[in-house]
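First the structure, in the form of structure tokens, and then the observations on it.
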Amino acid sequence: MTGGADSYLEVLNPEQRRAVLHTGKPLLILAGAGSGKTRVITTKIAWLIREQGVDPRSILAVTFTNKAAREMAERARLIDERAGDAMLRTFHSFGAWFLRRNGSLAGLDSGFVIYDDDDMISLLSTIMEDVPKAEIKQTAHSISRAKDYFLSPDDPELAVIDSRKKFRDRYVQYEEKMARIGNVDFGDLIKKPVEILRKEPNVARRFRERFSVIMVDEYQDANVAQFELLKELTGPDTYVCVVGDDDQSIYRFRGAEVKNILEFPNRFSGADIIRLERNYRSTAPILKAASSVVDHNHGRLGKTLSAERGNGKLPVLAFLPDQDEEANFCATLIENSVKAAKAGSGAVNSGAKNTNWSDWAILYRTNAQSLGFETEFLRRGIPYQVVGSLKFYEREEIKDALALLSFLVNPRDEVAFRRIVNKPTRGVGPVTVDRIVEGASDGAAGSGAASSGAVNSDGDLMEAMRRMAPDFAPKARAGLQTFLKVIEAGRAVLEDPAASADNAADNAGDDGKVAANELALDDGAADTRAADGKKSRKRRAAKEQEGLVSGEGLSVCVARLVKDSGIAEYHQLQDELTGNQRLNNLQELVNAASLYKPSREGLLEFLEHIELDRSMADNAASGNKDNNTVTLITFHNTKGLEFRRVIMTGLEHGVFPREDKRDEELEEERRLFYVGATRAMDELYLSSCAMRRMYGKTMPAEPSLFLREIDKSGLRIIGDIPYGFPGGAARQPPAWERDGGGYGNSYGGNSYGGNRKQSNAGRGSDSDAERKAGWRRGDRLFHDDYGYGAVMEVRDSEDGPVVRVLFETGKELRFLSEQQGAKFMKIGQDE
DNA sequence: TAGTTTTAAGTTTTT
DNA sequence: CTTAAAACTA
């Protein structure tokens with residue numbers, strides 16, 4: 001320990017210190033980008049514990065992302081170990097924690113599973129039969145928004161969210177069905193706790209006594225329901241401190257309400273406001289460019305950031321022909337800087353920092369844009385890492401496995417049941433499924449009346465299957481029994497992990513035989529099927545040994561279930577056909593489960609973690625965090641991060657901002673630009689393309705509106721300045737400033753962009769005709785990656801005609817001539 | 001029915 | 001261009 005007891009306060013600037021030492025009234029900290037906001041929160045937590053004698057367990061700090069929560073916990077603990085006992089959670093994880101303990105007050109069992117958007121849609125589609133999927137999606141979205149705004153089905157204001165007449169009824173039905181199933185969606189994690197706190201004064205009092213300090217990070221992203229939750233948790237003696245930046249509010253589309261921060265002083269009367277306006281991250285020119293864009297917004301609280309780091313390089317604006325050149329530009333830029341840094345440090349041999357790959361981040365608006373960069377980086381061998389787009393848990397095979405696990409925990413989970421009861425196909429079709437589901441609720445109605453409305457067997461699909469299976473045709477009956485056995489075996493493992501773990505391997509074989517035998521006994525005609533079943537089971541068992549490997553803890557149970565159910569084999573066969581890696585993904589899920597206890601509680605924890613922290617897969621997949629790689633990331637995902645060098649790509653009208661953005665939404669896009677730009681510490685690059693490929697078609701593009709909002713004296717412009725852009729040649733105003741008129745049609749064609757690109761753009765239509773004409777020996781072609789070559793041979797294969805090409809370089813390669821998006825074009829023929 | 005082929009539709013951003 | 005939904009056939 002160096003310095004006095006207060007040394008950790010000495011590193012703070014006066015405003016930061018004021019914020020840390022503030023007590024009493026509610027506090028709103030308006031913290032600009034890079035102003036040391038996390039340092040203030042973590043220091044404040046430590047200070048409260050250390051100097052104010054606050055019990056760490058009575059501190060609740062809420063963030064919006066798990067990453068932020070983890071980082072905060074880590075940093076607070078560094079200042080004072082006891083901070084580890086404070087409750088640091090995301091809003092949703094806090095809600096789940098609350099409901100596991102108090103959900104019964106809202107008729108919720110503690111074993112609930114959290115539904116994601118996909119599950120919501122599945123649930124809705126059982127209510128909205130024969131309705132187009134788009135409408136179902138829309139309804140799911142509206143229900144989510146309604147919950148964000150704390151609107152129940154009976155609320156008169158519901159029409160503001162969705163004005164369709166049927167919406168209210170569907171919301172009602174959705175809520176009823178969800179209640180019957182006993183699960184919750186994301187919105188419920190916030191809305192239900194508020195309802196319980198309002199209905200149960202005792203619970204509310206308990207929580208207000210428990211938490212004497214509540215802090216909220218990224219407060220600008222709180223929605224109405226979250227505000228209500230904060231209100232309910234706050235008693236007269238609760239110290240409330242929220243931190244946010246209205247200029248960084250970028251989640252309006254999912255219900256974030258900027259008014260929360262704008263009106264905080266009114267809603268929490270007598271609140272103090274402290275502004276943190278010293279930016280320690282970016283150099284002055286970067287900050288200026290970022291600010292000048294967001295300055296175009298109205299209705300801001302407004303603040304002036306000062307660049308504590310002083311002057312630096314001007315941001316570079318690069319006008320490029322198309323997205324291929326954009327990827328090329330980024331790759332070259334990054335490669336050169338890394339090479340230069342290596343050479344420099346080698347010669348000087350100083351302790352100066354090398355430029356690492358990890359200094360660089362490429363930002364884009366939509367995840368789909370990462371593809372071009374990935375291809376180019378792969379080709380050049382530039383190490384990179386894509387953040388957040390993996391969607392690991394949205395993959396079919398993973399959803400299947402999770403549905404299996406969910407059904408294990410909650411036999412009333414109709415959504416999970418429908419997903420997996422007939423996967424792989426067991427002869428249990430939609431008709432059978434519907435009858436079971438109906439039977440489950442009917443049976444409940446009957447027994448419910450008898451046993452005074454108990455929740456017990458209401459909707460229990462396992463019970464319904466057992467009861468009804470004998471009534472079905474042999475095929476369905478056998479299928480149901482197989483499925484029942486799989487789930488029962490899984491449950492057995494959970495209930496008695498020690499015993500079952502030992503003979504798990506045996507059980508898998510036994511179950512298969514039992515099911516097959518029963519099938520044979522029940523129906524002579526099923527003999528062949530029974531034999532088939534046996535055979536496939538044997539084959540599966542053999543494959544599993546080399547396929548899925550179970551480790552420790554819960555992974556034993558997960559592996560077991562995934563194997564027994566046939567999901568593993570099903571996807572393995574798919575892999576063989578399509579070359580996918582689904583079995584590997586399942587293996588990864590199994591591995592992830594090994595961290596949890598092999599019990600019902602462990603499984604619930606595992607499922608909750610997966611629903612609430614989807615980034616877990618990313619971390620697991622990428623291994624260590626301190627990888628020296630370039631970061632590819634969406635603008636949204638960059639919040640809270642910083643990089644020495646940032647390239648903001650796709651700055652074209654229609655891409656960023658998106659074409660349909662107006663007014664409020666356009667302002668949100670501006671804030672998104674601001675968030676992205678303020679991630680950069682030393683260097684900022686902006687790229688805008690004259691052409692962009694979308695849906696496989698190349699279209700002309702205009703520079704982003706935002707680029708005009710930066711004074712050109714504050715930028716270093718490279719490349720051909722488009723017509724009409726300040727500094728470029730004069731021409732008619734851009735399409736979006738002219739009224740009406742089809743943007744794109746009225747545009748003057750390929751009037752800019754290099755010659756090379758024109759030929760490239762033309763290639764699409766030409767090669768279509770060429771492909772129809774087919775290929776023959778002697779055709780000459782040009783390949784994007786390998787240059788000029790000639791066709792030596794054309795052959796047929798399963799996937800279509802294959803051409804063998806000899807290139808000028810002497811390289812010989814084979815291609816599918818009819819492959820979509822082929823990278824080569826015919827340029828002539830040798831006669 | 002299950003598994004295939006054909007056709008149409010569509011890309012924000014995320015807890 | 002990629003994906004999902006509808007339509008079709010064995």
Side-chain angles (χ1 to χ4, degrees), chain A residues 62-69 89-96 114-118 121 125 130-134 136-137 141 144-145 147-148 184-190 218 221-223 225-226 249-256 363-372 387-391 393-394 396 422-433 473 475-476 479 573-574 577 608-616 618 633-639 650 654-661 665 668-669 671-673 675-676 692-698 764 768 819-822:
Chain A
V62 214
T63 63
F64 278 83
T65 67
N66 295 282
K67 202 197 257 167
R89 280 174 182 266
T90 65
F91 258 116
H92 290 91
S93 130
F94 175 80
I114 301 162
Y115 273 2
D116 65 10
D117 293 357
D118 269 354
I121 290 167
S125 57
D130 303 319
V131 175
K133 191 155 186 198
I136 297 179
K137 270 188 183 166
H141 183 255
S144 292
R145 289 299 77 75
K147 291 186 176 182
D148 287 343
V184 297
D185 58 29
F186 274 98
D188 290 333
L189 292 176
I190 311 297
E218 307 281 12
D221 288 329
N223 61 36
Q226 285 161 340
S249 168
I250 54 175
Y251 288 114
R252 204 184 99 97
F253 70 91
R254 69 167 202 221
L363 277 50
Y364 38 78
R365 181 69 231 274
T366 65
N367 278 306
Q369 286 167 257
S370 74
L371 211 83
V387 174
S389 78
L390 264 183
K391 296 188 175 164
Y393 293 110
E394 283 168 35
E396 185 190 344
N422 198 32
K423 197 166 189 176
T425 49
R426 309 183 165 91
V428 184
V431 182
T432 313
V433 172
K475 204 161 76 172
L573 286 171
Q574 298 271 308
L577 293 171
E608 180 173 318
H609 194 162
I610 285 169
E611 285 309 329
L612 296 181
D613 189 0
R614 291 196 280 177
S615 68
M616 192 181 76
D618 302 359
I633 191 168
T634 62
F635 284 100
H636 280 89
N637 263 321
T638 59
K639 188 138 66 122
V655 178
F656 189 28
R658 279 180 65 87
E659 185 125 24
D660 49 341
K661 298 296 181 184
E665 287 187 325
E668 177 141 316
E669 298 274 297
R671 294 191 288 264
L672 192 55
F673 182 99
V675 167
R692 183 162 289 271
R693 225 176 13 250
M694 252 178 157
Y695 305 124
K697 285 215 173 72
T698 304
D768 261 326
Q819 197 176 38
Q820 302 274 316

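Computed from a predicted model, the values in this text were never measured in an experiment. So you know, we letter chains A, B, ... as the sequences are listed, proteins then strands, and number each from 1.
Contacts of Asp221(A) with the nucleic acid, taken as non-hydrogen atoms under 4.0 Å apart, are absent. Heavy atoms of Val431(A) sit under 4.0 angstrom from primed sugar atoms or phosphate atoms, though from no base atom. Residue contacts for Phe253(A): at a heavy-atom cut-off of 4.0 Å it reaches a base atom on one of the strands shown. Among the heavy atoms of the strands, none lies under 4.0 Å from Phe635(A).
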Checklist entry - Does the salt bridge (charged side-chain N to carboxylate O under 4.0 Å, His left out) test come out yes or no for Arg658(A) and Glu665(A), once each step is laid out? => result CA-CA 10 Å; Arg658(A) 279 180 65 87; Glu665(A) 287 187 325; over 6 Å; no

Next on the checklist: Between Tyr251(A) and Lys639(A), does the side chain to side chain contact (heavy atoms under 4.5 Å, CB included) criterion hold? Intermediate values first, please.
Outcome noted: CA-CA 11 Å; Tyr251(A) 288 114; Lys639(A) 188 138 66 122; 4.1 Å; yes

Item to check | Working for side chain to side chain contact (heavy atoms under 4.5 Å, CB included), residues Arg365(A) and Leu672(A) | outcome: CA-CA 9 Å; Arg365(A) 181 69 231 274; Leu672(A) 192 55; 3.4 Å; yes

Next on the checklist: If you apply the rule side chain to side chain contact (heavy atoms under 4.5 Å, CB included), what do you find for Glu611(A) with His92(A), and how did you get there?
Outcome noted: CA-CA 10 Å; Glu611(A) 285 309 329; His92(A) 290 91; over 6 Å; no

Checklist entry - Checking side chain to side chain contact (heavy atoms under 4.5 Å, CB included) for the pair Leu189(A)/Ile114(A): CA distance, chi angles, key distance, verdict? => result CA-CA 9 Å; Leu189(A) 292 176; Ile114(A) 301 162; 4.1 Å; yes

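Checking dG10(B), dT13(B), dT15(B) against the side-chain heavy atoms of Thr65(A) singles out dT15(B) as nearest. Closest to the side chain of Tyr695(A), from the set dG3(B), dT11(B), dT12(B), is dT11(B). For Thr90(A), the side-chain atoms get nearest to dT15(B) when compared with the rest of dG3(B), dT12(B), dT15(B).
Between Glu669(A) atom CD and dT12(B) atom C1' there is a gap of 8 Å when expressed in whole angstrom units. For Lys67(A) and dT15(B), the NZ to P distance is 10 Å, given to the nearest whole Å. Here the P atom of nucleotide dT12(B) and the CG atom of Leu363(A) are 19 Å apart, to the nearest Å. Distance Glu396(A) CD to dT3(C) P: 13 Å, rounded to the nearest Å. Per the geometry, NZ belonging to Lys133(A) stands 10 Å off P belonging to dT11(B), to the nearest Å. Nucleotide dT13(B) holds its P atom 9 Å from the CD atom of Gln369(A), rounded to whole Å. Atom CZ in Arg658(A) sits roughly 9 Å away from atom C1' in dT13(B) (whole-Å rounding). Residue Ile250(A) contributes atom CD1, which lies 11 Å from atom P of dT15(B) at whole-angstrom precision.
Here Asn367(A) does not reach the OP1 or OP2 of dT12(B): none of its side-chain N or O atoms lies under 4.0 Å away. At dT14(B), one or more side-chain N or O atoms of Asn637(A) fall inside 4.0 Å of OP1 or OP2 (strictly under the cut-off). OP1 or OP2 of dT14(B) lies within a sub-4.0 Å distance of a side-chain N or O belonging to Thr634(A).
Along DNA chain B, the nucleotide nearest Gly427(A) and the nucleotide nearest His636(A) are compared for position; the residue whose nucleotide lies closer to the 5' end is Gly427(A). DNA chain B is contacted by both Glu665(A) and Thr425(A); Thr425(A) maps to the nucleotide lying nearer its 5′ end (nearest heavy atom per residue).
Residue-nucleotide stacking is present for Phe186(A) and dT15(B), judged by a side-chain ring centre under 5.5 Å from the six-membered base ring centre and planes under 30° apart.
Relative ring orientation between Phe673(A) and Phe656(A) is described as tilted, the plane-to-plane angle lying within the 30° to 60° band.
With a cut-off of 3.5 Å on both Watson-Crick or G-U wobble distances, the partner of dT4(B) is given as dA7(C). As the counterpart of dT13(B), no nucleotide is assigned, since no Watson-Crick or G-U wobble pattern has both distances under 3.5 Å.
For the C1' atoms, the distance linking dT12(B) with dA5(C) amounts to 22 Å, nearest Å.
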